[in-house]
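Note sheet for the following structure.
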Protein chains: 2
Amino acid sequence: IAVYSAIDEADFLAIDGEFSGISDGPNVSALTNGMDTPEERYAKLKKHSMDFLLFQFGLCTFKYDTEASKYIIKCFNFYIFPKPFNRASPDIKFICQSSSIDFLASQGFDFNKVFRHGIPYLNQEEEGRVREQAEERRNQQANGAATPSYISPSSKGPAHVPEEHKDFISRVIEKVDGLFTNSEKTYPTFFGLHVETIETEKKERYIQISKVDDDERKRREQQKLEKEQEELNDAVGFSRVIHAISKSGKLVVGHNMLLDVMHTIHQFYCPLPQDLQDFKEVSMCVFPRLLDTKLMSSTQPFKDLIPITSLAELERRLKLAPFKSPKVETAEGFPRYDTAQEQLHEAGYDAYITGLCFISMANYLGSFLTPPKAHISPRSKLMEPFFNKLFLMRIIDIPYLNMTGPDLRPKRDHVLYVTFPKEWKTSDLYQLFSAFGNIQVSWIDDTSAFVSLSQTDQVQIVLLQAER
Amino acid sequence: IAVYSAIDEADFLAIDGEFSGISDGPNVSALTNGMDTPEERYAKLKKHSMDFLLFQFGLCTFKYDTEASKYIIKCFNFYIFPKPFNRASPDIKFICQSSSIDFLASQGFDFNKVFRHGIPYLNQEEEGRVREQAEERRNQQANGAATPSYISPSSKGPAHVPEEHKDFISRVIEKVDGLFTNSEKTYPTFFGLHVETIETEKKERYIQISKVDDDERKRREQQKLEKEQEELNDAVGFSRVIHAISKSGKLVVGHNMLLDVMHTIHQFYCPLPQDLQDFKEVSMCVFPRLLDTKLMSSTQPFKDLIPITSLAELERRLKLAPFKSPKVETAEGFPRYDTAQEQLHEAGYDAYITGLCFISMANYLGSFLTPPKAHISPRSKLMEPFFNKLFLMRIIDIPYLNMTGPDLRPKRDHVLYVTFPKEWKTSDLYQLFSAFGNIQVSWIDDTSAFVSLSQTDQVQIVLLQAER
């Protein structure tokens with residue numbers, strides 16, 4: 001389908017996810033404490049964010065047209081829902097956070113598209129299990145055994161029929177017997193019975209028994225097999241798009257994308273590993289080249305030019321000098337987004353402007369070359385400092401998670417752990433430490449916070465005062 | 001509004017709820033084990049069902065028109081969503097179960113109506129807290145103090161302004177100063193500044209500062225107070241409908257209504273008590289008179305006439321002799337349901353046919369009177385055996401939860417706890433116990449079950465055999 005060829009031909013991809021919530025435990029400010037270590041942050045996000053559903057996935061593919069000197073863009077907006085594949089498949093439970101849902105509702109999010117028409121998915125283990133089960137069923141059918149989910153192989157005696165159903169069962173037996181008797185008269189050739197479980201749109205299930213001759217029976221069984229294969233592929237569903245992105249090995253750009261990466265792996269590959277190092281390795285297998293525009297825009301030479309790095313503000317800032325809006329064109333037949341009419345928080349739109357921001361920033365780097373270059377390829381050496389570093393929200397002294405190596409370990413011996421009555425506000429802490437110049441406060445909960453002093457040697461003085 | 005007068009004038013009410021899921025733990029067959037005690041069942045439902053959201057509430061009011069000998073019906077279908085009232089209000093998290101959501105989707109459920117337009121609610125504690133906060137704010141404003149949520153009363157020094165915002169702040173100060181300077185020239189009368197936080201539809205918040213004279217300021221403050229009161233009532237929202245039902249003291253009819261009652265109390269009154277006895281007491285305070293049509297239809301004289309008591313089957317059965325379809329009419333301006341076009345699993349429709357079923361069964365009891373009566377009032381003595389007994393799903397020997405007294409304590413000394421390899425099916429258990437006549441199997445999990453023998457003395461024999 002269109003999405004696979006779009007990925008194939010692209011120079012880079014931009015993604016964005018929308019979730020049914022952010023934190024099922026602490027509020028966001030406690031979830032993202034300014035003094036978290038990367039390990040702590042990962043552990044908290046894994047614990048408190050992964051039971052939400054990634055239910056909208058935006059993908060925009062960017063292909064550079066050298067002749068026209070512009071990017072051709074294809075945007076996709078996928079709605080995703082873990083519709084149970086069959087009775088044996090996992091019945092996923094996910095959490096919704098009212099504030100997140102209400103926020104998306106206020107942006108015009110269409111929940112019916114998720115819950116009625118969302119694309120299903122299976123992670124790798126589920127896919128393996130479902131394929132195995134199908135294989136087993138086929139083998140058993142080939143060997144003439146019954147479907148194991150309906151009749152136990154260990155069942156020897158006749159099935160037990162509860163009193164209240166005996167009437168119904170004997171009427172059915174009569175009818176099926178009738179089929180045989182009737183047929184002997186009217187059908188001259190050998191025939192058999194075809195038994196099939198049918199489910200109506202309203203989820204009512206019944207068993208259909210029909211008379212068929214041998215050829216017809218084989219034809220129906222072949223049909224059933226093909227249908228099963230197709231259903232299986234449909235069940236793997238959206239995971240196949242992620243596999244295609246992964247296999248392409250292309251640069252994947254996102255804005256503040258740590259949660260997007262975590263959710264994508266958790267939902268479409270495997271449960272997240274306990275250990276941060278293992279998570280980095282899995283991530284690099286799935287997405288060998290990542291770039292986070294929030295990290296890029298808060299790194300030099302952009303940091304001094306871009307005061308606010310939220311996606312909306314970044315996009316507005318990059319329309320002004322010294323930056324240039326990139327020349328782009330939406331491929332025919334694809335949704336045409338207009339940055340003048342902001343459609344923020346639709347995943348496809350967010351992915352779209354994330355891609356635009358990346359191009360503007362990349363091209364700005366070209367202005368430092370001699371001679372200056374107007375177009376910088378996502379494969380340029382100039383991009384390398386920004387690869388595989390994911391922005392860490394609100395951590396004061398560790399700007400990013402380094403996906404391909406050890407993380408920064410800043411000294412934190414000027415940081416104090418302070419407890420106080422729950423009535424205290426930030427201003428009380430400023431008051432208390434007013435003798436020590438500028439401080440930074442990272443709230444932990446109502447009664448404790450980390451306070452970073454501007455100089456290490458001040459810590460001694462504070463501790464001495466506290467002892468007195 | 002319409003709903004309050006409908007409740008006021010009704011002879012009885014029928015309700016039904018739709019939830020975002022059923023069980024966040026064990027599957028339904030383990031959740032509803034045939035050998036549960038009422039205490040165990042309550043504890044399991046409380047633990048595994050209450051984190052789902054009751055997001056559609058159907059209410060039908062039935063008023064008997066003696067002259068026309070028919071019921072006049074008003075049906076309401078409420079969509080419910082815990083939209084956060086303000087930044088200080090609780091940010092509810094609820095679970096969605098894919099199979100339940102998928103099932104409702106297949107019945108045409110409109111999720112946008114829930115998440116975009118759902119009516120909010122507060123439970124009693126939340127309502128109390130919100131009203132208290134509003135009261136406090138008013139008192140402080142009356143005393144001339146600032147709103148506590150914005151400026152800490154304990155803050156004495158000037159607020160700390162981060163470096164990157166200093167520019168912005170000083171520009172704002174200039175503008176506000178400008179307002180004063182300007183006004184002195186043009187406004188001859190005394191004036192003040194009105195400060196208000198405004199939120200746009202897109203959830204962007206800003207502070208609006210405007211010049212007003214003294215009268216205008218007072219007018220605006222009065223307006224703000226009224227708006228606050230109104231917003232507060234809106235926030236209590238759907239809970240007020242439940243309070244009205246409760247205060248009416250009228251008969252409330254439901255079908256298999258234990259979960260409906262539990263969810264209603266949990267969501268709109270208070271967290272469910274630990275203890276079953278306390279739950280019964282709270283329930284009887286909220287709904288002093290309940291009737292469960294599933295329990296009624298599986299009790300004599302109905303039990304023998306009604307083989308299947310699911311709502312859809314019950315409704316079909318009660319259209320046939322010896323039962324009579326009740327004469328009903330939908331009040332003008334209310335949704336007209338047609339039982340020929342089943343709209344099952346829309347809460348309003350389910351409440352509607354639950355009410356119809358109740359009327360049919362009640363009137364059938366009238367046929368035993370001498371002389372027979374065609375219409376039996378919901379207040380009739382004949383109804384009393386069915387009051388305040390809630391159907392217990394799939395419990396073999398305890399048909400109902402007795403809301404106004406101790407529960408039945410059937411002897412269970414013919415019940416064995418059996419463990420076995422996980423490959424075993426029910427048929428293997430029938431096989432094993434084939435020497436003991438009819439048995440009933442209640443699965444606990446993959447490797448254990450309760451087996452009920454038909455006679456107590458057989459237990460001894462089984463145990464003796466097991467020892468050998």
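Computed from heavy atoms alone, side chains included, the values below leave out hydrogens, waters and symmetry copies. Protein chains get the first letters and strands the later ones, always in sequence-line order, with residue 1 at the start of each.
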Please check if the number of heavy atoms outside A:Phe420 that lie under 6.0 Å from its CZ is greater than 12. yes
Near A:Lys44 NZ, under 6.0 Å, is it more than 12 heavy atoms from other residues, nucleotides or ligands? yes
Nearest 0.5 Å, please: how far is CG in B:Asn112 from CG in A:Asn112? 4.0 Å
Does A:Ile92 offer a backbone N or O that forms a donor-acceptor pair with the side chain of B:Ser98 under 3.5 Å? yes
Sub-3.5 Å donor-acceptor pair from the side chain of B:Arg116 to the main-chain atoms of A:Phe109, do we have one? yes
Heavy-atom pairs under 4.5 Å with chain B - which of [options] has more of them than the others?
| options | value |
| --- | --- |
| A:Pro82, A:Pro90, A:Ser20 | A:Pro82 |
| A:Thr426, A:Asp110, A:Ile308 | A:Asp110 |
| A:Ser434, A:Gly118, A:Cys96, A:Ser100 | A:Cys96 |

Residues two or more places apart in sequence or in another chain: which of them pass salt bridge (charged side-chain N to carboxylate O under 4.0 Å, His left out) with A:Arg394?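 Partners of A:Arg394 by the salt bridge (charged side-chain N to carboxylate O under 4.0 Å, His left out) criterion come out as none, since no residue qualifies.
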Does any non-hydrogen side-chain atom of B:Phe115 lie less than 4.5 Å from one of A:Asp102?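 They are not in contact (no side-chain heavy atoms under 4.5 Å apart), so the answer is no.
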Tell me, for A:Pro307 versus chain B, whether the close heavy atoms (under 4.5 Å) come from the side chain, the backbone, both or neither.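 No part of A:Pro307 comes within 4.5 Å of chain B.
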Under a 3.5 Å cutoff, is there a donor and acceptor pairing between the side chains of B:Ser99 and A:Asp91? yes
Could you walk me through whether B:Val114 and A:Phe111 pass the side-chain contact (heavy atoms from CB on, under 4.5 Å) test, one step at a time? CA-CA 9 Å; B:Val114 171; A:Phe111 297 95; over 6 Å; no
